[in-house]
Amino acid sequence: MANDTSTETTERKGPGLDFIRSMVAEDLRTGKWKGRVATRFPPEPNGYLHIGHAKSLCLNFGIAKEFNGVCHIRFDDTNPLTEKQEYVDSIKQDVRWMGFDWGEHEYYASDYFDQLYEWAIKLIKDGKAYVDDLSAEEVSEQRGTIKQAGVESPHRNRSVEENLDLFERMRAGEFDEGTRVLRAKIDMASPNMLLRDPVMYRIIKASHYRTGDKWCIYPTYDYTHGQSDSLERITYSICTLEFEVHRPLYNWYIQALGIFPSEQTEFARLNLTYTVMSKRKFIALVEEGHVNGWDDPRMPTISGIRRRGYTPEAIRDFCGRIGVARAASMNQYEQLEHCIREDLNKRAPRVMAVLDPLKVVIENYPEGQVEEMEAVNNPEDPSAGSRMVPFSKTIYIEREDFMEDPPKKFFRLSPGAEVRLRYAYWIKCTDVVKDAEGNVIELRCTYDPETRGGNNPPDGRKVKATLHWVSAEHALDAEVRLYDRLFTKEDPNALEEGEDWRDYLNPESLVVIPGKVERHLAHVKPLDRFQFERKGYFCVDPDSKPGKLVFNRTVTLRDTWANVQKRND
RNA sequence: UGGGGCGUCGCCAAGUGGUAAGGCAUCGGCCUUUGGCGCCGACAUGCGUAGGUUCGAAUCCUACCGCCCCAGCCA
């Protein structure tokens, strides 16, 4: 559809380019940054990446690639209380898995602590920063409110000498945590709260996962981020909308220091229906046992989505389709599902698996006979070849593929009806066996030997449905984990008075069932993906072992029959 | 003493004064050894509302309305 070559994409501003890429293209045209494009992905190593980060990854690494620039990865590690090497490692793994490469450009804000300290001294000397002795509570009270100016600290006009002395002693560890901070001297009456003498350094007597005990004062985000961008000569510092009000402060530090003028641009963060995206809620989900860890396939974390069976290609495709804009938005989960179905349709080998087995005995099929039927591995990909699937007198079909008293449009099996067994034979239901409670426990059928391979019989009979099946004696047992949306409400954050987001947890977000899968799956490896014909795409869970197979349902197939049923309810 | 943003189809989203792209979803139909895939078609006389400017407005002006963000020594 898009005939644009990549050259056109990078040289022309127009349809298809989001506002940030348009800006980059325009800057390239005018030579604003002398042809240089440098972006960065700046996670804080205090948690795992989620699909919202994927959007940022695609934007930052995408722009770098499309415009012949570079994208750095920089760990924004200014808070020793929450950050860990373990998170750095998992973040790097997730970024690589997503398919992005930062080359040599791996940076840490903590590597800039010495420089940041020197710059703080410069700001003190310039009369632009001061040590404040107020407590956190007092600072907070004096900041004023959104509609009311703050008041200046009594320590605001200390001499440069006193500030230098105090700041040096802060660094030397002479003061207790919380007793003093270094503040930028800007404007306590600014309508922008961020400009009311923001804190630059606080005392935290904790060792840092990278700098150890070298420091007991740590710079804040605002005092660190822009300067880090500047040190790395980042041209486009792209972040989410909530940082918009920080931009004047970002610029203030850069100007006050007279350093490379990186520029911040904000875009709307990703929101997805039927899930939550905040670290606080992730922690609650894990710690309260609503999910089984950060990589639970129901979690919107990269590790969870990966375990669910999503491919990086599908996630990137999704990020490309939803676009980049400044309007706060909520994207539908269905869009993500579309992307993984489209990807897996092309590459996932097909296989037959019966998730809710109903026994079928084919009465006129010879006892003890086994035939090997040829099955196509992927009709979308001829190079995937074929395999042999054993067929015998007793098989399992899907329980929902039989109805004793079917509605008009039901094409599947029912008493007297005939259907095709994929790659096998046509069968006709002759009898229904029930238990004492009247539950159907077995079907008796006959087959037509002239339909071998599932082919049409010479008499021209037609059949409207094809069912998947497995041979009872050859099938493998498997644990199948059926995953569904984590919440029952599109936006679990949009609550009425008195409600809790947990009220909308979907009790059926995970249903574990024993299934029967074809022999072909005996030797699968974790993360192998398959289409279980007519049921959906499934991924081998890391818990899976030979002899104890475990499959996760990534997504169901599109099911127009289900839509019809829903409409008729 | 408030400031900063944002409103185009159910959900995303192009469009930047010349007469509303595209995707998802939905609904028809064709095809089909997956009720999958694929293919064809339908889906905004209207762009938050009301005025105004103009030959012409989603695009410019004015006023309203609605939603989001900011009062961490988190990022």
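Chain A is the first sequence line, chain B the second, and so forth, proteins listed ahead of strands; every chain is numbered from 1. All values below were derived from every heavy atom in this structure, side-chain atoms included, with hydrogens, water molecules and symmetry-related copies excluded.
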Item to check | Pair partner, B:rC11 [Watson-Crick or wobble, under 3.5 Å] | outcome: B:rG23

Checklist entry - With a non-hydrogen cut-off below 4.0 angstrom, is A:His246 in contact with a base, only sugar-phosphate, or nothing? => result base

Next on the checklist: We want to know whether A:Glu337 and A:Tyr310 form a side-chain donor-acceptor pair, criterion being a heavy-atom distance below 3.5 angstrom.
Outcome noted: no

Item to check | Proximity to RNA chain B (any heavy atom under 4.0 Å), residues of residues 333-343 of chain A only | outcome: A:Glu334, A:Gln335, A:His338

Checklist outcome for this item: The correct set of residues in residues 44-60 of chain A placing a heavy atom under 4.0 Å from RNA chain B is A:Glu44

Checklist outcome for this item: Answer for the Watson-Crick or wobble partner of B:rC60, both distances under 3.5 Å, is B:rG52

Checklist entry - Strictly by modelled atom types, are A:Arg40 and A:Ser237 linked by a side-chain donor-acceptor pair under 3.5 Å? => result yes

Checklist outcome for this item: Residues at least two apart in sequence or cross-chain that pass side-chain contact (heavy atoms from CB on, under 4.5 Å) with A:Arg461, listed by chain then number, are A:Glu418, A:Trp426, A:Asp448, A:Pro457, A:Asp459

Checklist entry - If you check every side-chain atom of A:Phe243, which of B:rA71, B:rA75, B:rC73 has the closest atom? => result B:rA75

Next on the checklist: Just the rounded figure in Å: distance from C1' of B:rG4 to CD of A:Glu266.
Outcome noted: 10 Å

Item to check | Heavy-atom donor-acceptor pair, A:Gln148 side chain to A:Thr145 backbone, under 3.5 Å | outcome: no

Checklist entry - Is the glycosidic torsion of B:rG5 within 90° of 0, making it syn, or is it anti? => result anti

Next on the checklist: Students often get this wrong, so: under 4.0 angstrom with heavy atoms, is A:Lys535 touching a base, only sugar-phosphate, or nothing?
Outcome noted: nothing

Checklist entry - So what does A:Ala327 hit on the nucleic acid, given a heavy-atom distance under 4.0 Å: a base, only sugar-phosphate, or nothing? => result sugar-phosphate

Next on the checklist: Under 4.0 Å, heavy atoms only, any strand: does A:Arg350 hit a base, just the sugar-phosphate, or nothing?
Outcome noted: base

Checklist entry - Side chain of A:Arg321, base of B:rG22: donor and acceptor closer than 3.5 Å? => result no

Checklist entry - Of all residues at least two apart in sequence or in a different chain, which pass the salt bridge (charged side-chain N to carboxylate O under 4.0 Å, His left out) check with A:Arg143? => result none

Checklist entry - At under 4.0 Å between heavy atoms, what does A:Leu557 touch on the DNA or RNA strands: base, sugar-phosphate, or nothing? => result base

Next on the checklist: Measure CG/A:Asn271 against C1'/B:rC12 and give the value in whole Å, please.
Outcome noted: 12 Å

Checklist entry - Heavy-atom distance under 4.5 Å between the side chains of A:Leu344 and A:Gln531, does that happen here? => result no

Checklist entry - Going by distance alone, is a donor N or O of one side chain under 3.5 Å from an acceptor N or O of the other, for A:His468 and A:Glu533? => result no

Next on the checklist: Between A:Gln264 and A:His225, is there a side-chain heavy-atom distance shorter than 4.5 Å?
Outcome noted: no

Next on the checklist: Considering every strand and a 4.0 Å limit on heavy-atom distances, what is the contact class for A:Ala136: base, sugar-phosphate, or nothing?
Outcome noted: base

Checklist entry - Taking the six-membered ring for Trp, are A:Phe391 and A:Tyr425 ring centroids under 6.0 Å apart? => result yes

Checklist entry - Between B:rG72 and A:Thr220, is there an OP1 or OP2 to side-chain N/O distance shorter than 4.0 Å? => result no

Item to check | Polar pair under 3.5 Å, donor/acceptor by atom type, side chain A:Glu533, base B:rG36 | outcome: no

Checklist outcome for this item: The residue, A:Met188 or A:Ile203, whose nearest nucleotide of RNA chain B is more 5′ is A:Met188

Checklist entry - Of the nucleotides B:rG35, B:rC12, B:rC69, which has the atom closest to the A:Val245 side chain? => result B:rC69

Checklist entry - Any side-chain N or O of A:Asn563 less than 4.0 Å from the OP1 or OP2 oxygen of B:rU26? => result yes

Checklist entry - Under 4.0 Å between a side-chain N/O of A:Arg202 and OP1 or OP2 of B:rA75, yes or no? => result yes

Checklist entry - Heavy atoms under 4.0 Å, any strand shown: does A:Glu242 hit a base, just sugar-phosphate, or nothing? => result sugar-phosphate

Under 3.5 Å, which protein N or O atoms sit close to an N or O of nucleotides 41-43 of chain B? Give each pair with its distance.
none

Item to check | Any A:Arg143 side-chain nitrogen or oxygen under 4.0 Å from OP1 or OP2 of B:rC73 | outcome: yes

Checklist entry - Has A:Trp561 got its ring stacked on B:rG35, by the test of a centre gap below 5.5 Å and a plane angle below 30°? => result yes

Checklist entry - Taking the C1' atom of each, how far is B:rU53 from B:rA14, in whole Å? => result 27 Å

Item to check | Check against ring-ring contact (aromatic ring centres under 6.0 Å, His included), A:Tyr87 and A:Tyr48 | outcome: CA-CA 7 Å; A:Tyr87 292 126; A:Tyr48 297 89; 5.4 Å; yes

Next on the checklist: With heavy-atom distances below 4.5 Å as the criterion, would you say the side chains of A:Tyr130 and A:Asp197 are in contact?
Outcome noted: yes

Next on the checklist: Is it the case that the ring center of A:Tyr274 lies less than 6.0 angstrom away from the ring center of A:Tyr333?
Outcome noted: no

Next on the checklist: Please list, in numerical order, the residues of residues 376-388 of chain A that have a heavy atom closer than 4.0 Å to any atom of RNA chain B.
Outcome noted: A:Pro379, A:Glu380

Next on the checklist: Please tell me if A:Arg567 has a side-chain N or O lying less than 4.0 Å from either OP1 or OP2 of B:rG28.
Outcome noted: yes

Checklist entry - Checking all strands, does A:Phe267 fall into the base, sugar-phosphate, or nothing category for heavy-atom contacts under 4.0 angstrom? => result nothing

Item to check | Side chain of A:Gln332 - closest among B:rC11, B:rG3, B:rC74 | outcome: B:rC11

Item to check | Pair A:Phe551 and A:Phe532, ring centroids less than 6.0 Å apart | outcome: yes

Checklist entry - How would you label the contact of A:Thr145 with the nucleic acid (heavy atoms, under 4.0 Å): base, sugar-phosphate, or nothing? => result base

Item to check | Residue closer to the 5' end of RNA chain B, A:Asn456 versus A:Glu137 (nearest nucleotide) | outcome: A:Asn456

Checklist entry - Using a cut-off of 4.0 Å on non-hydrogen atoms, how would the nucleic acid contact of A:Leu241 be classed: base, sugar-phosphate, or nothing? => result nothing

Checklist entry - A:Tyr117 vs A:Phe167 aromatic rings, parallel, tilted or perpendicular, using cut-offs 30° and 60°? => result parallel

Checklist entry - Does A:Trp469 reach the side chain of A:Val360, with side-chain heavy atoms less than 4.5 Å apart? => result no

Next on the checklist: Please classify the nucleic acid contact of A:Ser135 as base, sugar-phosphate, or nothing, using heavy-atom distances under 4.0 Å.
Outcome noted: base

Next on the checklist: From the set B:rA71, B:rC37, B:rG35, return the single nucleotide nearest to any side-chain atom of A:Arg558.
Outcome noted: B:rC37

Checklist outcome for this item: Any strand, both distances under 3.5 Å, Watson-Crick or G-U wobble: B:rC67 pairs with B:rG5

Item to check | side chain to side chain contact (heavy atoms under 4.5 Å, CB included) between A:Arg247 and A:Glu266, intermediate numbers included | outcome: CA-CA 9 Å; A:Arg247 194 169 61 221; A:Glu266 313 84 18; 2.7 Å; yes

Checklist entry - Checking all strands, does A:Thr273 fall into the base, sugar-phosphate, or nothing category for heavy-atom contacts under 4.0 angstrom? => result nothing

Next on the checklist: Please confirm whether the ring centroid of A:Tyr107 lies under 6.0 Å from the ring centroid of A:Phe75.
Outcome noted: no

Checklist entry - B:rC6 phosphate, OP1 or OP2: any side-chain N/O from A:Arg326 under 4.0 angstrom? => result yes

Checklist entry - A:Leu134 near the nucleic acid: base, sugar-phosphate alone, or nothing, with a heavy-atom cut-off under 4.0 Å? => result base

Checklist outcome for this item: When rounded to whole Å, the CD1 to C1' distance for the pair A:Ile283 and B:rA75 reads 13 Å

Checklist entry - Out of B:rG3, B:rG36, B:rG35, which has the shortest distance to the side chain of A:Asn345? => result B:rG36

Next on the checklist: Just to verify, which of A:Glu83, A:Lys279, A:Lys84 counts as forming a side-chain hydrogen bond (donor to acceptor under 3.5 Å, both in side chains) with A:Asn46?
Outcome noted: A:Lys279

